[in-house]
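In this chain, numbering begins with 1 at the start of the sequence shown.
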Amino acid sequence: MHLTKRVLVTGGAGFLGSHLCERLLQEGCDVICADNFYTGSKRNIVHLLKNPYFELLRHDITFPLYLEVDEIYNLACPASPIHYQNDPVQTTKVNVHGSINMLGLAKRIKAKILQASTSEVYGDPAVHPQTEAYWGNVNCIGPRSCYDEGKRCAETLFFDYYRQHKLKIKVARIFNTYGPHMHPNDGRVVSNFIMQALRDEPITIYGDGSQTRSFCYVDDLIEGLIRLMNSPDDFTGPVNLGNPVEFTILELARKVIALTGSESKIVFKPLPEDDPKQRKPDITLAIDMLGWQPEVILEEGLKKTIGYFRNILEGV
Ligand code: NAD
Ligand code: UDP
C-alpha cells in the first residue's frame, strides 16, 4: 500500500497537462509525466524537474507503457486545429491506439483513468447550448475529423472498457480553455490574438467573426478535472467542463486589443472548413455532480495570459 498517490499524466508537458502536474504535486501526489513533446514543451515543466516527486518520461503513448500508478489522466493529443491537422493519421492513432494502450494499462494495474475528451465530439452543434445528452453533428471525412472522430472513438473505448472490464473511468468533455503555457505558435484563437496584439500585427479573424466560443481559464478547468477524478466511482461522465459565458470571435479580438493597448488592426481571413458556428457548454451536470463552476471571468484570465506571453516576448 502506497501512502502517496501515484498519478500518471499523459501529455503532461502540454498546456493543460503541465498545470495538472503542478496541481497534483501541490496535493502531495507522486507524479509521472509521459510526453513525446509533439506539441508540449520542456519550458512548461522545467520548474517541476527539481521536485523528487516528479518524474518525466519521453514516451509516445501509441506504444505500450508499463508502470504502476493509482490514477491516469489521459491528456496526450495535439489540441490545436493546426497541429492536429498537420499529421491527421497520428492524431487518430494517439486517440485510438493511445487510448487502448492507456486503458490496457489501467486494466492491468486496476487504476482509475480519466479521458480528456472535447466539445468537438458535438461537431458543429445543432443544439445550443450543448448538453451531454446531445449526440453531435460531426463530419467523418473532413479536415477536423481526425480529432473529432478520434476523440469520439476514444470515448467509445472508455465506455466499452467500463462495461466489458469494469474499469473505473471518467470522461471530461473540455470546452475551449486558455491560459499561460499555451504555445505561442499554437494556432488557437486566444494565443494567436494575444501574440498578434503584442507585436502590433494584424489580428486575423477567420470568417466574419460572428462564430461563438466560450472560454474557460486553465485554473478553473484543472479544478474541474481533479473534482471529476475524485468523484464517486459510479459517476463516469461524460461531463462538460467549460465556461458557459459565450463570446463572438470579434468580441474576443476587441477585448484583446483593449487589454494589450495594441495598435493592431483587425483583418478578415477565410473561415476554415467545418469551423463550428457556435459553442457553449451546459454545465448543469458539473454543478450538480461536482459542485463545480468556473470562477475566472474572461478579462481577468486574459490579463494573466497576456502577462505570460509578454514575458516570453521579452525573453523572461
Ligand atoms: P497541448 O497540445 O498543449 O498538449 C498535448 C500534449 O500531448 C503535448 O505535450 C504533446 O506533446 C503530448 N502528446 C501528443 N501526442 C502524444 C503522444 N503520442 N504520446 C505522448 N504525448 C503526446 O494541448 P492541451 O490544450 O494541453 O490539451 C490537452 C488535452 O486536452 C488534449 O487531449 C486535448 O484534446 C484536450 N482538450 C483541450 C482543450 C483546450 O481548450 N485546451 C479543449 C478540449 C480538449
Ligand atoms: N480563429 C480566428 N483567428 C485565429 C485563430 C482562430 O478567427 O487566428 C477562430 C477559428 O476559426 C474558430 C475560433 O477562432 O472559429 C476558435 O478557434 P480555435 O482554433 O481556438 O479552436 P476551435 O474551437 O475551433 O477548436
Side-chain angles (χ1 to χ4, degrees), residues 9 11-27 33 39-48 51 73 75 79-80 83 116 118-119 172 174-201 203-205 212-227 241-264 279-281 283 286 292-316:
V9 179
F15 161 47
L16 296 180
S18 56
H19 286 274
L20 180 61
C21 288
E22 202 172 304
R23 171 73 189 268
L24 290 166
L25 287 167
Q26 278 163 14
E27 298 205 345
C33 161
T39 51
S41 153
K42 284 202 178 143
R43 184 190 163 96
N44 289 341
I45 47 161
V46 71
H47 60 296
L48 306 178
N51 189 324
Y73 287 84
L75 272 62
S80 145
H83 290 138
T118 169
S119 53
I174 303 170
F175 283 63
N176 297 66
T177 302
Y178 69 99
H181 295 190
M182 289 185 96
H183 197 284
N185 301 326
D186 179 287
R188 281 178 278 188
V189 68
V190 174
S191 43
N192 266 13
F193 284 3
I194 294 178
M195 289 303 286
Q196 290 164 342
L198 291 176
R199 292 172 166 147
D200 290 326
E201 290 170 357
I203 306 271
T204 54
I205 289 189
T212 68
R213 294 293 187 273
S214 310
F215 299 101
C216 185
Y217 188 64
V218 61
D219 291 356
D220 282 333
L221 196 275
I222 298 300
E223 177 66 33
L225 291 180
I226 302 260
R227 285 192 193 206
L241 293 180
N243 193 319
V245 185
E246 189 181 9
F247 293 90
T248 67
I249 295 304
L250 185 59
E251 284 170 332
L252 176 73
R254 291 193 174 130
K255 264 189 199 302
V256 169
I257 291 173
L259 291 171
T260 49
S262 172
E263 306 277 304
S264 293
R279 187 181 290 152
K280 167 187 160 100
I283 59 163
W292 176 87
Q293 59 183 322
E295 288 175 357
V296 181
I297 61 164
L298 184 61
E299 252 157 56
E300 197 186 318
L302 283 178
K303 280 184 195 159
K304 292 184 185 173
T305 313
I306 289 166
Y308 171 79
F309 283 119
R310 214 171 238 140
N311 282 344
I312 289 190
L313 281 176
E314 287 165 6
V316 180

(request) Any chance you could measure Leu259, atom CG, to Ile306, atom CD1, to the nearest 0.5 Å? (result) 4.5 Å
(request) Grab the two heavy atoms, one from Ala116 and one from Ile174, that are nearest each other, plus how far apart they are. (result) CB-CD1, 3.8 Å
(message) Once side-chain hydrogen bond (donor to acceptor under 3.5 Å, both in side chains) is applied, do any residues pair with Thr305, and if so which ones, sequence neighbours excluded?
(response) none
Let me have the donor-acceptor pairs involving side chains of residues 248-258, under 3.5 Å, with sequence neighbours excluded, atom names and distances please.
from, atom 1, to, atom 2, distance (Å)
Thr248, OG1, Glu251, N, 3.0
Glu251, OE1, Thr248, N, 2.8
Lys255, NZ, Glu299, OE2, 2.9

(message) Strictly by salt bridge (Lys or Arg N to Asp or Glu O under 4.0 Å), give each pair with a member in residues 11-20 just once, sequence neighbours left out.
(response) none
(message) Suppose we screen for ring pair (Phe, Tyr, Trp, His ring centres under 6.0 Å). Which residues come up paired with Phe193, at least two apart in sequence or across chains?
(response) none
(request) Look up atom CD1 in Ile297 and atom OH in Tyr217, then write down how far apart they are to the nearest 0.5 Å. (result) 13.0 Å
(request) Taking salt bridge (charged side-chain N to carboxylate O under 4.0 Å, His left out) as the test, write out the residues that go with Asp186, two or more places apart. (result) Arg188
(message) Return the CD to OG1 distance between Glu246 and Thr212, rounded to the nearest 0.5 Å.
(response) 3.5 Å
(message) Does Gln26, at its CD atom, have more than 12 non-hydrogen atoms belonging to other residues, nucleotides or ligands within less than 6.0 Å?
(response) yes
(message) Do Phe15 and Thr39 have side chains that approach each other closer than 4.5 Å (heavy atoms only, starting at C-beta)?
(response) no
(request) Can you sort out the partners of Asn185 under side-chain contact (heavy atoms from CB on, under 4.5 Å), two or more places apart, ordered by chain and number? (result) His183
(request) Sequence neighbours left out, what passes side-chain contact (heavy atoms from CB on, under 4.5 Å) with Ile312? Give chain and number order. (result) Arg43, Pro184, Tyr308, Phe309
(request) For residues Leu48 and Cys21, report the shortest heavy-atom separation together with the two atoms involved. (result) CD1-CB, 3.9 Å
(message) Can you list everything that forms a side-chain contact (heavy atoms from CB on, under 4.5 Å) with Val46? Sequence neighbours excluded, please.
(response) Leu49
(request) Output all residues satisfying side-chain hydrogen bond (donor to acceptor under 3.5 Å, both in side chains) with His181, sequence neighbours left out; order by chain, then residue number. (result) Ser18
(request) Could you tell me which residues satisfy salt bridge (charged side-chain N to carboxylate O under 4.0 Å, His left out) with Glu223, sequence neighbours excluded, listed by chain and number? (result) Arg23, Arg227
(request) Could you tell me which non-hydrogen atom of Gly301 sits nearest to which non-hydrogen atom of Tyr178, and how far apart they are? (result) CA-OH, 3.3 Å
(message) Any heavy-atom pair between the side chains of Ile226 and Tyr73 that's under 4.5 Å?
(response) yes
(request) Check whether any side-chain heavy atom of Ile283 lies under 4.5 Å from a side-chain heavy atom of Pro294, and answer yes or no. (result) yes
(request) Starting at CG of Asn44, measure out to NE2 of His19 and round the result to the nearest 0.5 Å. (result) 7.0 Å
(request) Check whether any side-chain heavy atom of Leu302 sits under 4.5 Å from a side-chain heavy atom of Thr260, and report yes or no. (result) no
(message) Ignoring hydrogens, what is the shortest heavy-atom contact between Ser262 and Asp200? Give both atom names and the distance.
(response) OG-OD1, 3.1 Å
(message) For the SG atom of Cys33 and the CG atom of Leu20, what is their distance to the nearest 0.5 Å?
(response) 10.0 Å
(request) Under the side-chain hydrogen bond (donor to acceptor under 3.5 Å, both in side chains) rule, what do Ser214 and Asn243 come out as? Steps first, then yes or no, please. (result) CA-CA 6 Å; Ser214 310; Asn243 193 319; over 6 Å; no
(message) So does Ser264 get a backbone contact from the side chain of Gln196, meaning a donor-acceptor N/O pair under 3.5 Å?
(response) no
(request) Quick one: list whatever passes side-chain contact (heavy atoms from CB on, under 4.5 Å) with Glu295, sequence neighbours left out. (result) Asp220
(request) Quick one: closest heavy-atom pair of Trp292 and Gly242, and the distance? (result) CH2-N, 3.4 Å
(request) Return each pair, listed once, that meets salt bridge (Lys or Arg N to Asp or Glu O under 4.0 Å) where at least one residue sits in residues 11-20; pairs must be two or more places apart or across chains. (result) none
(message) Apply side chain to side chain contact (heavy atoms under 4.5 Å, CB included) to residues Leu298 and Val245 and explain how you reach the verdict.
(response) CA-CA 9 Å; Leu298 184 61; Val245 185; over 6 Å; no
(request) Please round to the nearest 0.5 Å and tell me the distance separating atom OG1 of Thr177 and atom CG of Leu241. (result) 8.5 Å
(message) Tell me the closest heavy-atom pair linking Ile45 and Gly12, and the distance in Å.
(response) CG2-O, 3.6 Å
